[in-house]
Every structure is written in structure tokens, then in C-alpha cells.
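Below: the structure, in C-alpha cells.
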Amino acid sequence: MTNLQGRRALVTGASRGIGAEIVRRLAADGASVAFTYGRSAAEAEKLVAEATANGAKVVAIQADSADAEQVAKSVDDAVAQLGGLDVLVNNAGVAVLRDIESFSLDEFDRQLAINVRAVFVAIQRAVPHLDSDGRIINIGSINADRVPGPGLAAYAMTKAAVAGLTRGLARELGPRGITVNNVQPGPIATDMNPDEGEFAESAKELMAMGRYGHPSDVAGVVGYLAGRDTGYITGANWNVDGGFTV
Ligand SMILES: NC(=O)c1ccc[n+]([C@@H]2O[C@H](COP(=O)([O-])OP(=O)(O)OC[C@H]3O[C@@H](n4cnc5c(N)ncnc54)[C@H](OP(=O)(O)O)[C@@H]3O)[C@@H](O)[C@H]2O)c1
């Protein structure tokens, strides 16, 4: 028996990158998984086909994280399709790299809606379904603690908000046995943050490991936290950053 056998999980924003790897990991460890995606329907279909071929139950739900109603409905759909919910992974996120003088209010609001409001809404909708070994795992960012260059202020603000929400909800949900943790990746090679180019080279110099991480580095930690034997770990920041903050 694998360690997530019988667990039912929802991962947001998982057509690509870190989220897709989290889906692969949870499914490989025995969980039934629903995931949301925004625009990348072809990638979402491919991920479902790949996981299904490996014998897992994986379903895709189209939902724009910028839209609170769609987020709430995606939780309802996941619960209906999986027959309940044990694990919620809030992964969907965007990073708008822009200096403060050229940031439009629309861009600011959209980033805040996807990176913060959607996390709040998904948790609010999921909590009634989680029992005493429920897990909420947020994907924050090491930028909540360290901002190595200009243009990242608003993104860092959203991820610091996720860290605060994590701590507060760990207090609130602890008595019910539900844990809430915040996984903070450093630079991970995805479409959002390719590991080549000028930005990447300067980032590598700041890391003890001297290289970018792989989405599986984050997925491994999420898979661990999603299990039934991590019920005394809550309110924590899990840095997966190759020594970015050392
Ligand atoms: N890569 C890094 O270095 C790094 C570091 C720290 C933290 N993170 C965090 O890790 C998470 C995943 O990042 P990533 O690098 O995997 O990013 P990515 O490669 O850009 O993938 C982002 C994923 O989120 C989904 N998404 C984006 N906007 C969405 C929306 N409005 N509605 C629904 N889904 C949406 C995308 O789906 P569609 O394409 O289908 O819209 C895609 O599946 C984010 O929260 C990010 O902030 C990443």
C-alpha cells in the first residue's frame, strides 16, 4: 500500500509546472486527484491521459483562479467527482515582474486575486469537507522572505500574505486536526522561471546549491505533507530553495 492510498486531493493550477508535478506525485503515491487549470486545456488533457494510463484516478476542472465563484465551484466539483476531500493544495499563481511606477491597478488586482483571494476562497469552501486528518498545503514563495532584485515587490507581498494566512489558519483549524502548511519554493525551472538567461544566472549565484530546482523537488515535500503521518506539523514554512536564504 502506498502512503496516500485512499486520499482524495485537489491541486489548483496544475496543467503545467510545479502543479502538474504535484499531481503526478500524489497520484503515483495512491491518491485520487482533481486539479484545476486556467487556459492550458491541451496540457491538462495530456496530464489526465498520462496519469490514467498509469492506473490513477485524475480529473481536470477548468476554473479561473481570478474568479472567486469559479474557484468555489471547482472545490464543489472536486468533492463531487472524488467523493470527498482530504487534501487541498493551493498552487495556482502568477508572477508579474514590474516596477511600481508601471504597475497598473488591474494587474495588481488580478495578481492579488489569483495568488491570495483564490487561496482564501478554496480553503473556505474545502474546510467543511476535511476531517481530522485533513491537509491544506499552500505554495508560497521564498520571495516572502527574500527579494533579490527589483520588480518583485507586489508578488512578494502576495506570498507574504499566503504565509500569514497559513499561520492564522493553522491556529484556527488545529483543534479540528486539520494542518495548514506553506511550502516556499526558491527558483524552480518552469515556464514562470526558466533556468536559463540573465535573471537565472544571477539567481544561481545566490543559492548554496548553485542551480535551479526541479518541480519534483517541491512535489516530494507536498507528497510528504499530504500523508496521514504528518498530523503534528502545522503553521510551518517549508523552504525548498536550494539554500537561497542561507
Ligand atoms: N517557478 C518558481 O521559481 C517558483 C518559485 C516560488 C514559488 N512559485 C509558485 O509556485 C506556483 C506554481 O508556479 P510554476 O512555476 O509552476 O508556474 P507556471 O509554470 O507558470 O504554471 C502556473 C500554473 O498555474 C496555473 N494558473 C495560472 N493562472 C491561473 C488562473 N488564473 N486560473 C487557474 N490556473 C492558473 C496555470 O494554468 P493555465 O496555464 O492552465 O492557466 C499553470 O498550470 C505558483 O504559485 C508560483 O508563484 C514558483
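Start at 1 with the first residue, then count along the sequence. Just the heavy atoms: all of them, side chains too, but no hydrogens, waters or symmetry mates, feed the values below. Order of listing sets the numbers, starting from 1, for every ligand and every atom in it.
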Check for me whether G140 has a heavy atom closer than 4.0 Å to any atom of ligand 1. yes
At the 4.0 Å heavy-atom cut-off, does R110 count as touching ligand 1? yes
Mind checking whether T36 has a heavy atom under 4.0 Å from ligand 1? no
Any side-chain donor near an acceptor of the partner, N193 and Y212, under 3.5 Å: yes
Taking side chain to side chain donor-acceptor pair (under 3.5 Å) as the criterion, tell me which of Q81, H129, R125 meets it with D76. R125
Any non-hydrogen atom of K159 lying under 4.0 Å from ligand 1? yes
Any non-hydrogen atom of A14 lying under 4.0 Å from ligand 1? yes
Sub-4.0 Å heavy-atom approach of A41 to ligand 1: no
At a non-hydrogen distance cut-off of under 4.0 Å, which region of S15 contacts ligand 1 (side chain, backbone, both, or neither)? both
Counting only non-hydrogen atoms of the protein, does one fall under 4.0 Å from atom 44 (C) of ligand 1? yes
Given G93, S65, G13, which has its nearest heavy atom closest to atom 27 (C) of ligand 1? G93
Contact region, Y155 to ligand 1, non-hydrogen atoms below 4.0 Å, reads side chain
Is a salt bridge present between R110 and E107, judged by a nitrogen-to-oxygen distance below 4.0 Å? no
protein heavy-atom neighbour closest to atom 31 (N) of ligand 1 works out as D64 OD1, 2.8 Å
Do NZ/NE/NH1/NH2 and the carboxylate oxygens of D29 and R7 come within less than 4.0 Å? no
Run the contact test for A44 against ligand 1 with a 4.0 Å cut-off on heavy atoms, strictly below, and give the result. no
